[in-house]
Amino acid sequence: MKIKTKAWLASQGLLVLTAVLIQLTFYREIKLGPLLGMIKRPYWEIITDRPPDIPDFIREKGLPPHMWDARLPLSEDEIRKANLAGHRRAHRREEGLRTAYYGGWLVNGMYFVIFHALCWYIPRQVKPRRADHNNH
């Protein structure tokens, strides 16, 4: 196996491991769903940004959205009055999980391009100098 391949596999493995650890950390910190009385949603439902199902008791009571939907831009008083603080944190963590997921893909893509560009560029810069050094 070439040194370039070994370097690529080792560094890519570290990037993927870091991304997985970040995802696990964010997901473990989520305790609830973004709506009042909602349980934690499955990982892929969060990543794909699927709208949460409105719990039955909310539909039955016909409550206005600011009383149960922590995704809305609410004031601190509205959040406290509706008892949505935990659900508001869950919503922010879900957003963080999605951002970290797509950010991980972006970083890996950038790393792929930069790594291969450097593997193309560096040997071309080193070879001419080696030839000049041997002539003197």
* Looking at residues at least two apart in the chain, or sitting in another chain, which of them share a salt bridge (charged side-chain N to carboxylate O under 4.0 Å, His left out) with R98? -> D49
* Partners passing salt bridge (charged side-chain N to carboxylate O under 4.0 Å, His left out) against R71 (at least two apart in sequence or in another chain) -> D69
* For M110, the rest of its hydrophobic cluster, which grows through side-chain links under 4.5 angstrom -> L106
* Under a 4.5 Å side-chain heavy-atom rule over Ile, Leu, Val, Met, Phe, Trp and Tyr, are W105 and I46 clustered together? -> yes
* Find out if a path of hydrophobic residues (ILVMFWY) with successive side-chain heavy-atom gaps under 4.5 Å connects F112 to F115. => yes
* List in chain and number order the residues that pass side-chain hydrogen bond (donor to acceptor under 3.5 Å, both in side chains) with N108, two or more places apart in sequence or in another chain; answer none if no residue qualifies. => Q12
* Asked: Minimum heavy-atom separation for F26 to A100, with atom names?
  -> CE1-CB, 3.9 Å
* To do: Enumerate the residue pairs fulfilling side chain to side chain donor-acceptor pair (under 3.5 Å) with a member in residues 112-122, sequence neighbours excluded, ordered by first and then second residue.
  => none
* Asked: Going by the ring pair (Phe, Tyr, Trp, His ring centres under 6.0 Å) test, which pairs reach into residues 50-91, not counting sequence neighbours?
  -> none
* Treat each ILVMFWY residue as a node, draw an edge where side-chain heavy atoms are under 4.5 Å apart, and state whether L32 and I30 are in one component. => no
* **Inter-residue atom distance L72.CG - L35.CG, 0.5 Å rounding** => 9.0 Å
* To do: Return the set of residues passing side-chain hydrogen bond (donor to acceptor under 3.5 Å, both in side chains) with R88 (not counting sequence neighbours), or none when no residue passes.
  => none
* Linking I/L/V/M/F/W/Y whenever their side-chain heavy atoms sit closer than 4.5 Å, directly or via other members, would M38 and L36 fall into one cluster? -> yes
* Structure fact -> For S11, the side-chain hydrogen bond (donor to acceptor under 3.5 Å, both in side chains) test, sequence neighbours excluded, returns Y111
* Sequence neighbours excluded, every pair satisfying side chain to side chain donor-acceptor pair (under 3.5 Å) that has a member inside residues 23-33 -> Q23-Y43
* Structure fact -> Shortest non-hydrogen pair, G33 vs A90, comes out as O-CB, 3.8 Å
* Just jot down the side-chain contact (heavy atoms from CB on, under 4.5 Å) partners of V107, sequence neighbours excluded, or say none. => L15
* **Heavy-atom donor-acceptor pair, Y102 side chain to I47 backbone, under 3.5 Å** => yes
* Structure fact -> Applying salt bridge (charged side-chain N to carboxylate O under 4.0 Å, His left out) to E45 and not counting sequence neighbours gives R41, R50
* Only counting residues at least two apart or in another chain, list the ones meeting side-chain hydrogen bond (donor to acceptor under 3.5 Å, both in side chains) with R80. => D77
* To do: Drop me the distance from L9's CG to L14's CG, to the nearest 0.5 angstrom.
  => 11.0 Å
* What distance do N83 atom CG and M67 atom CE have between them, rounded to the nearest 0.5 Å? -> 9.5 Å
